[in-house]
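Here's the structure, in structure tokens; my notes come after.
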Amino acid sequence: MKKILILLLGITFAANIMAQDVKLPNVSVKTLDGKTINAQDFSNDGKPFVVCFWATWCKPCLMELNTMAEYYEEWQKETGVKIYAVSIDDSRTSGKVLPLVNSSEWDYEVILDVNSELKRSMGVNNPPHTFVCNGKGEIVWQHASYALGDEQHLIDVIRKITVEEK
Amino acid sequence: MKKIVFLIFILVLCLQGYSQGIFGGKVTGSFQLDMQVSREDSVIGSQNVSEKFLSNGFANILYTNGDFSAGIRFESYLNPILGFAPQYKGAGFANRFASYKKDFLEITLGNYYEQFGNGLIFRSYFEPNLGLDNAMDGIRIVARPLNGITVKGIIGKQRYYWDDIWKTDNGLVRGGDVDLALNDMFPFMANMVTRIGIGGSFVSVYEKAPVEYATINDTLYRLNIPENIGAAAFRLDVSHKAFNLFAEYAQKGQDPNTQNKYIYRKGEALFLTAGYSVKGLGISVAAKRIDNMNFKSRRTELGNMLSVNYLPAITKQHAYSLMAMYPYATQVNGEMGLQADVMYKIKKGTLLGGKYGVDVKFNYSRIHSIDRQQIDEKTPLYAKGTEGYTSDFFKIGDDLYFEELNFELGKKFSNDLKTTFMYSYQTFNPIASGHEGFPFVYANIFVLDGTYRLAKTSSVRAELQFLFTDAQGEEWATGSWCQATLEYNLGGKWFAALTDQWNYGNETGDKTHYYNVSIGCTINTTRIQLSYGKQRKGIMCIGGVCREVPASNGLFATITSSF
């Protein structure tokens with residue numbers, strides 16, 4: 001009971017102080033061609049970007065990425081947005097990420113988070129989980145799960161940021 | 001306990017400091033709570049739950065301030081929901097750490113997760129939905145002294161439920177890993193089309209030797225069990241234009257343990273993947289050979305806890321429930337197998353591709369035993385205290401463990417209607433679920449899945465699944481099945497789903513309907529889901545690891561959230 005109280009205390013404090021300008025954590029991940037990059041360095045020349053957690057075995061994730069792929073060109077022209085697709089596939093399925101990305105003709109920045117370090121440090125419980133960062137790299141919106149139509153909410157958020165930042 | 005209170009105190013202090021503008025710092029976190037009320041049902045075999053109400057929960061709180069971060073995780077299993085090990089019963093802080101990153105160095109104290117290469121000799125990870133956590137408790141150092149060079153060092157002990165691991169005799173795990181990305185290291189290679197990465201790792205586990213005896217050729221011997229068990233792995237990663245190749249080879253020293261029946265044979269693992277992919281086409285082939293690679297920080301441990309390494313199954317990870325009815329799990333004592341994937345997009349505007357194009361996916365895998373021969377005529381296979389067996393590296397063993405062929409078509413008819421058709425043929429040796437010597441299960445499985453957009457942000461999804469098999473009369477083989485699912489999504493916030501899984505082909509038992517109704521709501525990162533119905537006894541597999549889940553009948557609720 002004592003422990004639970006302490007936990008509640010922690011959460012209350014945490015909630016009180018929750019800052020708006022949370023940035024991406026200092027965690028190293030890999031790109032598809034084997035380069036190590038830090039999540040802190042995700043950026044888009046001062047324009048908003050999206051960080052989307054997914055896995056090759058996650059049906060709603062594939063639906064989300066496939067649906068966004070249909071609009072990606074349009075969205076980029078309109079808002080300049082960039083999408084980071086962070087795969088949490090472990091070594092069982094991480095070999096399928098590159099062929100899947102290519103055969104699906106996705107133009108995202110694909111990132112491998114093979115032992116889920118970034119996933120854990122961003123508080124992601126289950127994929128899909130989508131974050132929107134503003135031009136300064138601050139997380140301004142996030143959403144767990146995907147159903148057809150959620151991409152419309154996402155682009156509305158991005159449009160709002162684009163307008164605000166202009 | 002004192003330490004934890006102290007940690008909280010520091011955390012709170014930091015937070016208060018923040019509000020006064022002395023410290024910066026951010027707090028993030030996540031939370032999950034599963035609740036279950038299950039009733040007895042003799043037909044599906046769900047048992048009476050005497051405490052009526054079961055729940056599993058965890059909350060992560062992470063504090064970050066520039067280069068410093070610290071976190072705690074509180075877990076509660078009051079009492080563990082069905083399918084979780086009873087040893088989890090209880091509540092408390094299961095995980096705490098502090099980490100500092102400066103320049104090229106990162107130091108973590110307390111609990112941490114890490115993986116070397118593919119994990120063949122070391123992987124520490126957390127899979128809460130499966131009740132898996134082999135977090136290390138100790139020190140981790142990661143250094144990136146020069147571009148392209150990563151050096152890691154770890155030392156510590158692994159979590160074992162709620163045990164105070166420092167008071168147990170569980171093994172101490174030590175290891176190191178070096179990863180070199182040659183193109184980033186050498187300026188002259190920076191712009192080369194060919195990218196090369198190499199890596200090597202070493203892990204050693206120290207555990208006191210128990211007193212064990214074995215009778216070999218009618219003589220009783222006291223076994224000389226090694227106290228330090230070492231394992232090493234090397235890897236190579238090459239990509240050139242559309243081609244890529246990844247290879248990792250690992251060896252483990254003598255490690256007599258319960259899983260391998262106390263034999264002295266060395267362990268060995270090889271994992272190879274090769275791929276070719278261009279826009280619209282992806283091909284990947286994987287091969288694997290595992291020989292005596294059970295590696296735990298306690299010799300007598302069986303099952304999923306205290307694993308030092310991770311041996312991925314090279315079979316498809318299914319998303320549809322009837323396709324996943326017969327899942328394969330890696331046989332750590334030995335197996336060899338192949339997997340091939342071809343993914344192709346038929347271009348839009350062609351005869352077959354239609355207006356939007358068609359996604360075609362093909363997958364095949366086949367897993368066998370490894371070759372095993374007696375060490376001499378007198379000594380049977382796996383005789384305790386001996387080498388156990390000899391094996392020809394390239395010879396395929398006689399026993400088929402698993403074979404599967406999958407074919408998938410994804411077709412979009414309009415911006416509002418998307419469909420998937422999938423077919424799978426599976427040959428399942430019950431040995432994969434721990435039942436040796438039973439007849440194989442052969443199954444043909446069909447799935448049709450369609451999503452239709454009703455309005456800008458609402459949709460319906462329907463799913464039909466059929467599993468045809470003649471296999472009857474065992475707990476895991478009860479004839480054919482079919483399943484129908486209907487799901488409705490409203491405005492990206494609400495959803496409702498109806499599922500019925502019907503064991504219509506059961507000739508030796510009841511043709512049970514496993515119906516399930518769920519409703520849920522997602523608001524940003526908070527998701528609440530409520531289900532009522534029956535759940536089939538079987539294996540639940542996530543992330544390549546499987547866990548038995550018992551039959552249940554009743555109410556299930558889940559809340560997840562993160563901030």
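The figures here come from the full heavy-atom set of this structure, side chains too, leaving out hydrogens, waters and symmetry mates. Each chain gets a letter, A, B and so on, in the order its sequence line appears, and its residues count up from 1.
Looking at B:Thr28, the atoms closer than 4.5 Å to chain A (heavy atoms on both sides) all sit in the side chain, from C-beta outward. Contacts of B:Ser561 with chain A are made by backbone atoms alone, with heavy-atom separations under 4.5 Å and no side-chain atom involved. Heavy atoms closer than 4.5 Å to chain A are found in the side chain of B:Arg527, but not in its backbone. Residue contact with chain A, scored on non-hydrogen atoms closer than 4.5 Å, involves the side chain of B:Asp449 exclusively. Looking at B:Ser124, only its backbone comes within 4.5 Å of chain A, counting heavy atoms on both sides. Heavy atoms closer than 4.5 Å to chain A are found nowhere in B:Tyr356, neither backbone nor side chain. Contact annotation for B:Lys418: only side-chain heavy atoms (C-beta onward) come within less than 4.5 Å of a heavy atom of chain A. For B:Phe495, no part lies under 4.5 angstrom from a heavy atom of chain A. Looking at B:Lys412, only its side chain comes within 4.5 Å of chain A, counting heavy atoms on both sides. Neither the backbone nor the side chain of B:Thr273 has a heavy atom closer than 4.5 Å to any heavy atom of chain A.
Between A:Phe131 and A:Phe49, the gap from one ring centroid to the other reaches at least 6.0 Å.
Donor-acceptor pairing under 3.5 Å is lacking for the side chains of B:Ser239 and B:Asn244. Using modelled atom types, one finds no donor on one side chain facing an acceptor on the other under 3.5 Å when comparing A:Glu164 with A:Asn134. In this structure, a donor-acceptor pair under 3.5 Å is present between the side chains of A:Ser28 and B:Arg144. Counting only N and O atoms by type, the side chains of A:Glu64 and A:Thr130 include a donor and acceptor under 3.5 Å apart.
Ring geometry for B:Phe74 against B:Phe93 counts as perpendicular: the plane angle is over 60°, on a 0 to 90° scale with 30° as the lower cut. Aromatic ring pairs are classed by plane angle as parallel below 30°, tilted from 30° to 60° and perpendicular above 60°; the pair B:Phe116 and B:Phe122 is tilted.
The local environment of NZ in B:Lys279 is crowded, with over 12 non-hydrogen atoms from other residues, nucleotides or ligands closer than 6.0 Å.
Taken from NZ in B:Lys361 to OH in B:Tyr344, the straight-line distance is 15.0 Å, to the nearest 0.5 Å. Between atom CG of residue A:Asn126 and atom OG of residue A:Ser145 there is a gap of 10.0 Å, rounded to the nearest 0.5 Å. Rounded to the nearest 0.5 Å, atoms SG (A:Cys133) and CZ (A:Phe42) are 9.5 Å apart. Annotation: the span from A:Ile88 atom CD1 to A:Ser94 atom OG amounts to 12.0 Å, rounded to 0.5 Å. Between the NZ atom in B:Lys288 and the CG atom in B:Asn118 there is a gap of 10.5 Å [rounded to 0.5 Å].
Contact annotation for residues 146-154 of chain A against chain B (heavy-atom separation below 4.5 Å, listed by residue number): A:Ala147, A:Leu148, A:Gly149, A:Asp150, A:Glu151, A:Gln152, A:His153. Below 4.5 Å, heavy atoms of chain B meet no heavy atom from residues 72-83 of chain A. Residues of residues 103-125 of chain A lying within less than 4.5 angstrom of chain B, judged on heavy atoms, are A:Ser103, A:Ser104, A:Glu105, A:Trp106, A:Asp107, A:Val114, A:Asn115, A:Glu117, A:Arg120, A:Ser121, A:Gly123, A:Asn125 in numerical order.
The two residues B:Thr522 and A:Ala144 come nearest to each other via the heavy atoms CG2-O, 3.3 Å.
Contact annotation: the side chain of A:Cys52 approaches that of A:Met68 to within less than 4.5 Å [non-hydrogen atoms, C-beta and beyond]. Side-chain contact between A:Gln40 and A:Pro25 is absent, with no heavy atoms from C-beta onward closer than 4.5 Å.
Between B:Tyr125 and the options B:Tyr113, B:Tyr310, B:Tyr112, a ring pair (Phe, Tyr, Trp, His ring centres under 6.0 Å) holds for only B:Tyr310.
Salt-bridge annotation for B:Asp179 and A:Lys30: present, with a side-chain N of the basic residue lying under 4.0 Å from a carboxylate O of the acidic one. At a threshold of 4.0 Å, the pair B:Lys345-B:Asp359 counts as salt-bridged, since one of the basic side-chain nitrogens sits closer than that to a carboxylate oxygen.
Your options are B:Lys101, B:Glu487, B:Gln32, and the one with the most heavy-atom pairs under 4.5 Å with chain A is B:Lys101. Note on B:Ser99, B:Ser30, B:Ser277: by heavy-atom pairs under 4.5 Å with chain A, the leading option is B:Ser277. Ranked by heavy-atom pairs under 4.5 Å with chain B, the first of A:Asp89, A:Thr93, A:Leu100, A:Thr36 is A:Leu100. Ranked by non-hydrogen atom pairs under 4.5 Å with chain A, the options B:Val142, B:Val278, B:Asn183 are led by B:Val278.
Take B:Asn363 and apply the side-chain contact (heavy atoms from CB on, under 4.5 Å) test, not counting sequence neighbours, and it matches A:Lys96, B:Lys316, B:Gln339, B:Asp341, B:Glu404, B:Asn406.
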